[in-house]
Colleague: 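Below: one structure in structure tokens.
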Amino acid sequence: MINKVLIANRGEIAARIIRTCKKLGIQTVAIYSEADHKAPYVTMADQNFLVGPPRVNESYLNVERIIAVAKETNACAIHPGYGFLSESEAFANRCVEEGLTFIGPTGSVMKQMGSKIAARNAMKKIGIPVVPGTDDAIATIDEGLKIAKQIGYPIMLKASAGGGGIGMQVVNSDEELLKAFEGNSKRAQTFFGDGSMFMEKKIENARHIEIQILADHHGNAIHLYERECSIQRRNQKVIEEAPSRFISESTRQRMGEAAVKAVKALKYTNAGTIEFLVDESENYYFLEMNTRIQVEHPITEEITGIDIVEQQLHIAAGKELAIEQMDLRIDGHAIEARIYAEDPVTFFPSPGHISNFELPEGVNVRNEVAVTADYDVTPFYDPMIGKLIVKGSNREEAITLLEEALSNYKIEGIKTNIPMLQEVVKHEQFRKGNTTTAFVENFYQK
Amino acid sequence: MQEVKASMAGNVWKIVVSVGEQVEEGQDIVILESMKMEIPIAAEASGTVKELKVAEGDFVNDEDVLAVIE
């Protein structure tokens, strides 16, 4: 039984988790940094605790303080949300040692999936297709050049410990690889404490399609279909939709089955996402696994009617999944647009004071927000300040709803990416469903 | 004399020049980190770095002077 949860996160996801806990009659404890004392999520929780100064190392990554607050408040479980400690094997293990339930998978499976190289090799062993590339970290640039010759350009150079697009670069020639290798490795070392690099063939005109999975501690696993997240800027997602318009019913089925097979083989538990790249001929290749709740989980909730946070709590409490694969159907089409505090053209962040804030409303419009009116967006955290989710009976209807909702989204005082979102949504190629990962590059930043 | 100013609030992630160093117009002087993104701040004119007003790890506000170039 979980009766009190500490949320080791901030912003919209903290608010989102608190909402489901309230629905289930579970008590909540929020933590916040000095920069977030006015954040809306803080007062939504039954209890709230200041954990440190604005910088993440002293607050949201301050494991000792977070564990101490959990003990002090008698919380029996910790929900890590996404980002911060959500994929920290050490934190998950520490929770267990302290007798706290970590709402997520085990530390060992997180470790395995956290290294892109290890994850890739594990998937290959299970029989899941992976992008042609290196099976080990590249030790020297000479070795890199040799492998590049075998794979063929263009190549994606990636940091094994990377995330959020950092340390990742497309290289088209030996010259570019020479130029990029050392710098990216150094950067990965600075950001992630691990400079190992690997290479994968760049799949041209690829789509980013991911499968949401749920798995319990009794060997049951299901998938909740796919999300297509091809509209990205700086290798970060901007617009996501479910289901994908591109893949056929048989590809959908095969990808779902592959994801479930992988999860069972890994003995994975709780919610997770397997990301794939899909090429023009609908061949899919494993990209990475996210061992936590995703930012874009609401679109899956909208088309399946399942509350993913509720399932996470249910699974973490040791209960058996109450849903079977055959019970699931896709209902309608959902789209999420991420609202970022950033310049819509340069994509540079735009911290500052929000003077006016008004959200679009409607039956099929859902808002997840981190901010409010008369509120300071600080430079310390991710620029995402909200998510706008719409659901239509089909994609066309969802697009119309999204267009309308975006025009009614009012934020004054800071720059946001709303003008960019509006341009994408009205673009002929987006409407046609011609959404590859190069969309922003090809059609927006002409 | 030219003042190199922060274009937005953030943390000083890296200082890439030292005092006395000759810099060119457009050369990065300081890299800020704001909202998890690196923001390079470049010199607007060539010259010699006379003074660095910040240290790595410092928090700066929009328009704060980061360095002086002569």
Side-chain angles (χ1 to χ4, degrees), chain A residues 10-11 33-35 53-61 82-84 162-169 183-184 186-192 233-236 295 338-343 346-353 370-371 376-385 413-417, chain B:
Chain A
R10 61 181 295 281
S33 76
E34 283 162 13
R55 278 182 205 150
V56 293
N57 285 331
E58 297 170 280
S59 51
Y60 299 105
L61 297 179
Y82 53 70
F84 298 123
I166 294 170
M168 195 159 116
Q169 193 177 338
N184 281 277
K186 263 191 192 154
R187 184 167 302 180
Q189 182 69 40
T190 313
F191 269 91
F192 312 111
R233 61 104 184 81
R234 296 202 273 119
N235 292 313
Q236 284 179 341
V295 174
R338 299 191 188 190
I339 314 292
Y340 288 107
E342 71 183 15
D343 187 294
T346 63
F347 303 142
F348 269 20
S350 173
H353 184 77
V371 299
D376 284 317
V377 179
T378 70
F380 301 105
Y381 313 110
D382 188 274
M384 196 182 77
I385 53 172
I414 57 164
K415 287 189 226 171
T416 73
N417 65 332
Chain B
M1 199 183 76
Q2 179 211 158
E3 286 182 332
V4 179
K5 290 179 178 173
S7 56
M8 68 182 68
N11 282 313
V12 178
W13 187 56
K14 281 254 156 74
I15 297 174
V16 285
V17 296
S18 32
V19 174
E21 195 176 324
Q22 189 69 34
V23 294
E24 303 286 319
E25 177 189 340
Q27 186 179 336
D28 290 347
I29 304 297
V30 167
I31 298 170
L32 297 181
E33 195 231 314
S34 184
M35 296 181 138
K36 288 167 69 184
M37 188 178 173
E38 290 172 45
I39 317 287
I41 309 291
E44 280 170 13
S46 306
T48 311
V49 180
K50 190 182 167 221
E51 195 185 350
L52 288 167
K53 298 262 194 191
V54 292
E56 287 179 6
D58 283 0
F59 179 77
V60 295
N61 275 307
D62 189 13
E63 289 291 296
D64 279 3
V65 178
L66 308 173
V68 179
I69 291 170
E70 227 173 23

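Lettering follows sequence order; numbering is per chain, from 1.
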Colleague: Can you confirm whether more than 12 heavy atoms, excluding those of A:Glu58, are under 6.0 Å from its CD atom?
Modeller: yes

Colleague: Counting only non-hydrogen atoms closer than 4.5 Å, does B:Asn11 touch chain A with its backbone (N, CA, C, O), its side chain (CB onward), both, or neither?
Modeller: side chain

Colleague: Hey, is CZ on A:Arg187 packed in by over 12 heavy atoms from elsewhere, all under 6.0 Å?
Modeller: no

Colleague: How close do B:Met35 and A:Thr378 get, heavy atom to heavy atom, and via which atoms?
Modeller: CE-O, 3.4 Å

Colleague: Got A:Glu342 and B:Met37 here, is their nearest side-chain heavy-atom distance under 4.5 Å?
Modeller: no

Colleague: How long is the gap from NZ on A:Lys415 to CE on B:Met8, to the nearest 0.5 Å?
Modeller: 8.0 Å

Colleague: Kindly give the heavy-atom pair with the smallest separation between A:Pro351 and B:Ala9, and that separation in Å.
Modeller: CG-O, 4.3 Å

Colleague: With a 4.5 angstrom heavy-atom cut-off, is it the side chain or the backbone of A:Tyr381 that approaches chain B, or both, or neither?
Modeller: backbone

Colleague: Hey, are the side chains of B:Ser34 and A:Phe348 touching, using non-hydrogen atoms and a 4.5 Å cut-off?
Modeller: no

